[in-house]
Amino acid sequence: MTQETPDKKNYKTTLNLPQTAFAMEAKLTVNEPKRLAMWREGRLYEKVLTDRATNGKGKWVLHDGPPFANGDIHIGHLINKTLKDVILRFRTMEGYETPYVPGWDCHGLPIEHKIQEEVKKAGKDFRAMGTVEVRQLCYASAEHFAKAQGEQFQRLGILGDWANPYLTMKPEYEAETLEVFARFVEAGLVYKQLKPVPWSVASQTALADAELEYKDVEDASVYVEFPVEAGTEVAKKFDRPVYLIVWTTTPWTLPANLAIAVNATMQYAFIEYTRAGEKRIGIVASELCDKVFGPGLGQGIEEVRVLGEMMTGEELSKRAEYVHPFIEYKGPILTADYVTATDGTGMVHTAPGHGEDDYDTGRKHGLAVYCPVLASGRFDDTVPEFLRGKTVKESNGLITEELKSRGRLFGVQNILHSYPHDWRTKTPIIFRATEQWFIAMDKPFQLSGDTGTPQSLRERAMTATEDGVDFIPAWGQARLQGMLQSRPDWCISRQRAWGLPIPVFYNEKDEPLLTPASVRAVAKRVREKGSDVWFTETPTELLSCDQTACPIHFGETAKLRKEKDIFDVWFESGSSWRAVLQSRSTLKFPADLYLEGSDQHRGWFQLSLLPSLGATGQAPYKQVLTHGFVVKPDGTKVSKSDKEYVKAVDEINRHGADVLRLWCCSVDYQNDIPASPKALQEFGDKYRKIRNTLRYLLSNLYDFDPKTDAREVPPNSLDGWAMYQLDLLIADVTESYDVYQLHRVFRLLHDFCSVQVSSIYGNAMKDRLYCEMPNSPLRRRCQTVMHAMVIALSKLLAPMLVFTADEVWEHIPHKPGKDAALQSIHLAWLPETSDAEVDEDQKEEWELLMRLREDALGQLDKLKKESGLNKAGEAEIVYQVDDDALRRKLQAYGTDLEDLVGCGHYAFAEKDTPGPAVTVKVVDRRNDYAACARSWKRRPDVGKDADYPDLSTRDAMAMRAIGSLP
RNA sequence: GGGCUCGUAGCUCAGUUGGUUAGAGCGCGUCCCUGAUAAGGACGAGGUCGGACGUUCGAAUCGUCUCGGGCCCA
C-alpha cells in the first residue's frame, strides 16, 4: 500500500501541547516531609478547626483509642490511624469541626517488664530499687515512646493535636480516672473478694485477660475414682464400692476439690468393672462409657459390664455424695450447665479456689473459696503432709502417685490442649484465689438523678448497645453483647508497681476505707502531684485535703495502711471518655465514633462502655467501627519472624505515606487484611495511575481561566457525558465515605481515573486540545470540564492522598470561588455535583454512543490486524442511520463522533444492513484522503485551504488564527 | 472446645429481594503510538463463585454439613 507522505513541516510548535510543573515522578519520600513542615508552620490543624468552628456544621468527634506506648508503630497502627485520619478528613470536608486528640496507654506490665530487664542488664538489683524509682524509669520510657510513635504517626500524615496528646499517666488523667472510680464506689459496685484469677507464678501477679496467651501443650490428665459416700442412696443400691469417675487436666487442684459437677439433664450410666482385684461400680455420662472404658484408658480394668440402669445428673446430685480420694472431706454433687459430654467423663472436679466456672458453681451453693496455693505457687500448710511447700508443678506427679497408691487412679492420659500462658514470661499460668478488687456486673444501682428501677451494669450495657449504638459492621453488636452477657465481674486490681494505685486505706483491724470522699481526696493530691504521691506521702497527707474523707470513728489517719494494688490498665484507658472527652472543652461526650481493631470488642469498646455507664448511665460512643487484622498473603497470621512481616516505618520510608494510605483505603478492612512488602511494592502502580491522570488534566489547563474562558457544557456532547460521569462519581464517593466504605471510594476514584478520564475522555479530547486554536469554543469547553474534574478529583482524593492532593491543589490554576483563597486543599469543602438535570433519553443517547464506541474499537482492532492500519486517525467512522430524528441527534455531537475513537473523520450514510437503528462502520482511508500534516487526521478537507495545502480546514484556520507560519 | 466472622479470576474488589453464556480495575500476554513519553491506547488469555449435599423450573445468592482462615474466649 502506498502512502502519500505529507510535507514534514514541523507543526509541533504550533500546537497547544500539555504543560505543567506538576512532576510525573512523585518523590514522595523527599517531598512529603517538606509539605509536612509547611503544614506545621502554617498551623494547618488549628486553621481547619477555627474555620469549621466559625463556618461549619458543628462538632464531630472521633475518640482515639490509646495504643500502648512501647516500641515503634507497626502495620496495625498504620491501618488504624490511617482509617481514622481519612474519616476525620472526610468529615472535615463535609464541614464538621473535627478535633482529634491522639492518646497513649502508658501504664502496665510490658513497660515495667522492659524496665526490669534494662535494670538487670545494667547490673543493678531490680528488687532493691524503690517503687518510686521504678515508676520514674517507666514514666520516662512511656514518654519516650509516646513521642517517638507520635512522630511516626505524623509522618504518615495523620492530622491532630500532636502537641497535646492524652497520656494515661499524666496527673490530670489519673485524677479523672479516680473520679470514675469514685462514681463506682458511690454506686456501690466496688467490692473486695477472694476469687480465682489467672495468676502468673513467674511474675507473682494476677493477670488481665489480655495478658494471657494460649499455647498448645501436652499434659498428663488423670481419671480419678471418687468414692460415693457409703450412706447415700446410690451407694446402698450396690453391694460393692461405687465411684464417680472424674477427669482433670490439673491434678494439682485436687487438694482444693470441694464438689463434683454434673449436667442435670444428661444420663449417667453405672458400669461394673474389676480393677486391682476389686469389683467396683463406676459412674460416668452414658455417652462417654465407651470412651472411658474403652481400650487403653482404664489401668488394668477387666470384666467391664454396663448395667441397665441409668440416672440423670439431677437425680444423682440428690441421691449421692462423695468422699475425697485422699483428704478427709465429704463433698456434694452439684449440677452445672457447662458440664458436657464432649470430653472427660461428664463429671467435673470442682475447686472454687482454682477455676472460674468452679467459683461460680461454688458461690451458688455456698461453698468456700478454698485456695491452698500461695503466691509463690507452693502449697500452704492446710494440705496433706506430702504436698506442703511443694510447687504446683511438682505436685502433679506427687498427687498422681498418691492416688495410685490409694487405688484411686483409674487412668492417666496425655492430652494436647491449649492452655493459658503469661504473655510476658511465656510460662503457664494457674488459677488462684486471691484478694482482688472487683466491679460488680449484676448488682442493681441507681445514678443520682435516676428515677427508674435500679439496673445492673450488665443490664445497662445490654440496653445501651441494643439500639443506642451503631455498629459497623453490624455483627459487632452481637459480638460485644455476647461478651457482655457472659463476662464475669471485672477484676480491677493488679499487684504491680507501674500503674495507678487503688486508693484504699486499711485501719488496724484491716477494714478498708473506701468512700467517694476518700477517693476524691486522694484524687486531688494526684491531680497536683501525680500518682507517685501515693508512695511518697502518708495517709494523713493524702487525706488531709478533705476533712470528710476519713470519718473519725474509722481510726487515726496516722495508723492507716495504704493498699498496694494498682488498677487494671483497662480501667484507665476505659476512663478516657471522662479524662479526655469530658475534660477537654474542645471535645464532646459522647463521641461520634470509636474506631479500633476487632479485638477491642473485648478490650477498649467494652471496658469504656462499662465505666461510662457506671458513671454517667450513657454509652461513650454513637458509632463503633472495627477493622480486621493484617495477615500474610495466604491468609494466615503474621509474626515478626515471617518474610511477609511488614515493618511500617520502613515501608513509609520506602514508598511514602500516600502510597501506604491509599493501600489502606483499597482493602476491605472489615475482613482480614493480607499484606506483604511485595504487595505494597506492586501497589505503587495504582498511585501512579491516579497521579498521572491528575497530571494530564493539570497539563491541559495552563492557559485556562474559568472567569474568562469557561463555556457552557451542553448535555449532548462528550463533555456533557463527562460532566455527568463526574457528578455520578461525586455522589457515589461521598456516599461511600459517609458509610466508611473506603475501599469502594478507592475503587471508584481509581477506576474513574483509569477508564472515564484516561482511556475515554482524555484520549478523545487530545485532538481538539492540541490542534484547535487556543481559544476555540470546543477547546475551552473541554478545559471547563477538565478544570471541574481536577478540582473535584483532588478534593475527593484529599482524605486519602493527603500530600498528593495538596500538591495538585497548588498546581490548579484559577480555582473559583472560596477555593481560590485556600492555603491548602485540606481547608476545602467537598465538591458538589452540578445541578444539571439529565433526562433518561439523554442517558440512553450516551449509552448508545458508548456502545458504538466499543463496536468501532473492535473494528479498528480488526483493521489493524488485517491490513496494518495502526493509527485510528487514518480511518473514517461512518454512522449508518435511516431515521432522520436520530441522525440529527447524533449530528449534534459533531467532532465527538470521530474523536470518540480517534478517527480522522466521521460521516453519515444510509443503512446497508437491517438491525439496530444505528450502526457504525470503520473504514480505512489511507488511499482515499490525505493526512493533515498538523493533526495527522486523514480527512476529505485536507488541502481545501489554498494557504495551507497540507492541512485540514480546521488546522488551516487555527494556523491563521495563531498568525505565525511554521 | 465455644462465640463472632471471612472464603468470587494472579491481586484488590462488584455482584441489588435466587433468574439469561459471573462483572470491573490492576497485573499478565500480544500489538500499536511516540504531540500525557520512565507516559498513553487497543485487543486477549484468566473463575466448575472453598467443597459436598439439599430446597427450587432455576443458587455465587437460601438451608444443612464440611474444609480452610481470622479475632475473641475456654
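Lettering follows sequence order; numbering is per chain, from 1.
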How long is the line joining [atom1] of [X] and [atom2] of [N], in whole Å?
| X | N | atom1 | atom2 | answer |
| --- | --- | --- | --- | --- |
| A:Arg688 | B:G27 | CZ | C1' | 13 Å |
| A:Gln859 | B:C43 | CD | P | 12 Å |
| A:Asp685 | B:G25 | CG | P | 16 Å |
| A:Met24 | B:U37 | CE | C1' | 6 Å |
| A:Leu860 | B:C33 | CG | P | 13 Å |
| A:Glu854 | B:G41 | CD | P | 14 Å |

Is [X] near enough to [N] that one of its side-chain N or O atoms lies under 4.0 angstrom from OP1 or OP2?
| X | N | result |
| --- | --- | --- |
| A:Lys12 | B:U34 | no |
| A:Asn763 | B:G40 | no |
| A:Ser598 | B:G70 | no |

Identified side-chain hydrogen bond (donor to acceptor under 3.5 Å, both in side chains) counterpart of A:Tyr687 within the set A:Thr804, A:Asp658, A:Asn692: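 When side-chain hydrogen bond (donor to acceptor under 3.5 Å, both in side chains) is applied between A:Tyr687 and each of A:Thr804, A:Asp658, A:Asn692, only A:Thr804 qualifies.
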Test side-chain hydrogen bond (donor to acceptor under 3.5 Å, both in side chains) applied to A:Glu874 and A:Lys937, A:Arg926, A:Arg938, the passing residue: A:Arg938
Electrostatic pair A:Glu854:A:Arg851 at N-O distance under 4.0 angstrom: no
Which of these nucleotides, [options], is closest to any side-chain atom of [X]?
| X | options | answer |
| --- | --- | --- |
| A:Leu15 | B:C72, B:A39, B:G35 | B:G35 |
| A:Lys864 | B:C31, B:C71, B:C73 | B:C31 |
| A:Lys871 | B:C33, B:C71, B:A42 | B:C33 |

Under 4.0 Å protein heavy-atom contact, by nucleotide of nucleotides 6-17 of chain B - B base, S sugar-phosphate only: S-----SSS---
Residue whose closest nucleotide on RNA chain B lies nearer the 5' end, A:Trp936 versus A:Leu857: A:Trp936
Which residue lies more 5' along RNA chain B, comparing A:Glu25 with A:Ser759 via nearest heavy atoms: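 Closest to the 5' end, via its nearest nucleotide, is A:Glu25.
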Anti or syn - B:G47, cut at 90° from 0: anti
Modelled atom types, side-chain donor and acceptor of A:Asp703 and A:Gln783, under 3.5 Å: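 There is such a pair (donor and acceptor under 3.5 Å, judged by atom type) between the side chains of A:Asp703 and A:Gln783.
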Flag for A:Ser952-A:Asp955: side-chain donor and acceptor within less than 3.5 Å: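 There is such a pair between these side chains.
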Sugar-phosphate, base or nothing in reach of A:Arg691, heavy atoms under 4.0 Å: nothing
Sugar-phosphate only, base, or nothing, as touched by A:Lys766 at under 4.0 Å among non-hydrogen atoms: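 If one applies the 4.0 Å heavy-atom cut-off, A:Lys766 turns out to touch a base.
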Nearest atoms (heavy-atom pairs only) where A:Gln741 meets A:Gln670: NE2-NE2, 4.3 Å
Side-chain donor/acceptor of A:Arg479 to base of B:C72, under 3.5 Å: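 Side chain to base: no pair present.
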Side-chain-base donor-acceptor pair under 3.5 Å for A:Ser758 and B:A36: yes
Aromatic ring proximity A:Trp663/A:His655, centre distance under 6.0 Å: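 Ring centres of A:His655 and A:Trp663 not closer than 6.0 Å.
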Check: A:Tyr740 ring centroid to A:Phe471 ring centroid under 6.0 Å: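 Centroid distance A:Tyr740-A:Phe471: not below 6.0 Å, so no.
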Donor-acceptor contact below 3.5 Å, side chain A:Asn870 vs main chain A:Lys864: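 Not at all, since once roles are kept as given, no pair shorter than 3.5 Å links the two residues.
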Within residues 692-703 of chain A: residues closer than 4.0 Å to RNA chain B (heavy atoms): A:Asn692, A:Arg695, A:Tyr696
A:Lys632 atom NZ: more than 12 heavy-atom contacts under 6.0 Å: yes
